[in-house]
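Heads up, the thing below is written out as structure tokens.
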Amino acid sequence: MPKDPLDFHAIDHVEFYVSNARQAAHFYRSTLGLQPRAYAGLETGVRDRASWLIERGHVRFVLTSPIQPDLRRDISEHIAKHGDGVKDIALRVLDAKAAYDEAMRRGATSVQEPTAFEDGNGRFVRASIATYGDTIHSFIERENYRGFMPGFRPVENPPPAPDTGIAAIDHIVGNVELGAMDKWVGFYRDVLGFTQLTHFSDNQISTDFTALMSKVMQNGAGRIKFPINEPAEGKRKSQIEEYLIHYGGPGVQHIALATKDIVATVDTLRNAGINFLRVPQTYYDDLPERIGPILEDVKDLAARGILADKDDEGYLLQIFSQPMQDRPTLFYEVIRRHGCKGFGVGNFKALFEAIEREQALRGNL
Ligand code: FE2
């Protein structure tokens with residue numbers, strides 16, 4: 001594996017700008033089982049916003065809200081334009097200044113210069129650069145810091161969260177505007193030093209109505225995977241266009257969460273009120289021939305609408321939620337990989353047809 005020029009270790013966390021972080025934390029606890037771990041706000045000496053760190057396994061989200069109309073216009077305006085959405089896909093590095101300097105040398109757009117925070121827990125450094133839309137990548141250096149981040153205080157006695165089995169972020173997908181795919185593929189290649197996953201088909205994928213292009217960029221170790229979608233000309237409005245209109249531009253389309261037991265995870269999430277896209281039962285008729293032997297029972301997959309795909313190295317199981325907010329923007333994927341390194345391209349057609357049925361219900365097809 002090639003080494004990253006910017007030496008990325010992992011996705012450190014994903015920060016969302018939301019209109020009410022306290023309530024969003026409650027939602028994510030009761031549905032995805034993400035446990036509130038730390039809080040920053042007036043009570044911890046943070047005067048301009050409220051943030052909640054919620055976590056399960058390696059999945060860490062930060063939910064941030066403004067607490068006055070004009071104190072953090074950047075957050076207020078982000079929410080007014082985009083609704084609740086992902087602001088920052090923060091990446092862990094050993095040396096935030098070195099990563100930032102190298103990114104800038106390679107043509108990045110600066111959002112925040114390296115800034116060190118020190119408190120009784122040690123030293124924490126963050127720098128940020130821009131990516132698609134109003135989304136950013138922060139570089140997080142925390143080797144010499146105990147705790148999550150300066151300004152945060154642990155949540156004592158957090159309320160119980162359902163054990164959803166969610167263990168890690170598998171990939172995060174961005175939707176970019178028509179014609180911008182090559183620009184953003186180039187950004188991840190030239191600025192961040194990612195490579196394109198070539199065995200993933202980047203052919204245009206289309207149904208009767210929807211067409212899109214998708215390319216996957218990953219870091220040297222393959223731990224960080226960012227597929228990018230661009231709408232393509234179809235007969236009617238594509239799901240990517242629907243997203244771009246309702247989000248007000250490019251942004252994060254979905255976050256894929258890895259689990260070891262997708263049947264149990266889907267049951268737990270569905271019991272908690274998460275709705276998933278359904279495919280027709282005919283999808284399962286030829287599944288054994290298409291995928292070959294699998295450990296799970298096909299009946300269990302069919303009963304829940306779980307999809308399967310394979311490549312040379314194995315198979316994967318996946319399912320997609322409906323949008324998580326009133327705007328048809330961000331949604332989640334639950335994924336179980338058995339060796340397969342793909343992203344379910346074999347399911348795109350069945351999946352898009354399912355999404356189009358939902359789009360039609362919204363009058364957006
Ligand atoms: Fe995905």
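Every number for a ligand or one of its atoms is a count from 1 in the order of the listing. We use all heavy atoms of the structure for the numbers below, so side chains are in, but hydrogens, waters and symmetry mates are not.
- Restricting E333 to its N/O/S atoms, the shortest distance to the Fe ion (ligand 1) is reached by OE1.
- Considering only heavy atoms from C-beta on, R106 stays 4.5 Å or farther from D190 through its side chain.
- Between R123 and E118, at least one side-chain N (NZ, or NE/NH1/NH2) sits under 4.0 Å from a carboxylate O, which counts as a salt bridge.
- For a distance bound of 2.8 Å, the N, O or S atoms of D170 include none lying that close to the Fe ion (ligand 1).
- Vertex the Fe ion (ligand 1); arms to H254 atom NE2 and H171 atom NE2; angle 110° (nearest 10°).
- Surrounding CD of Q23 are at most 12 heavy atoms belonging to other residues, nucleotides or ligands under 6.0 Å away.
- H137 and Y188 form a side-chain donor-acceptor contact under 3.5 Å, judged by distance and modelled atom types alone.
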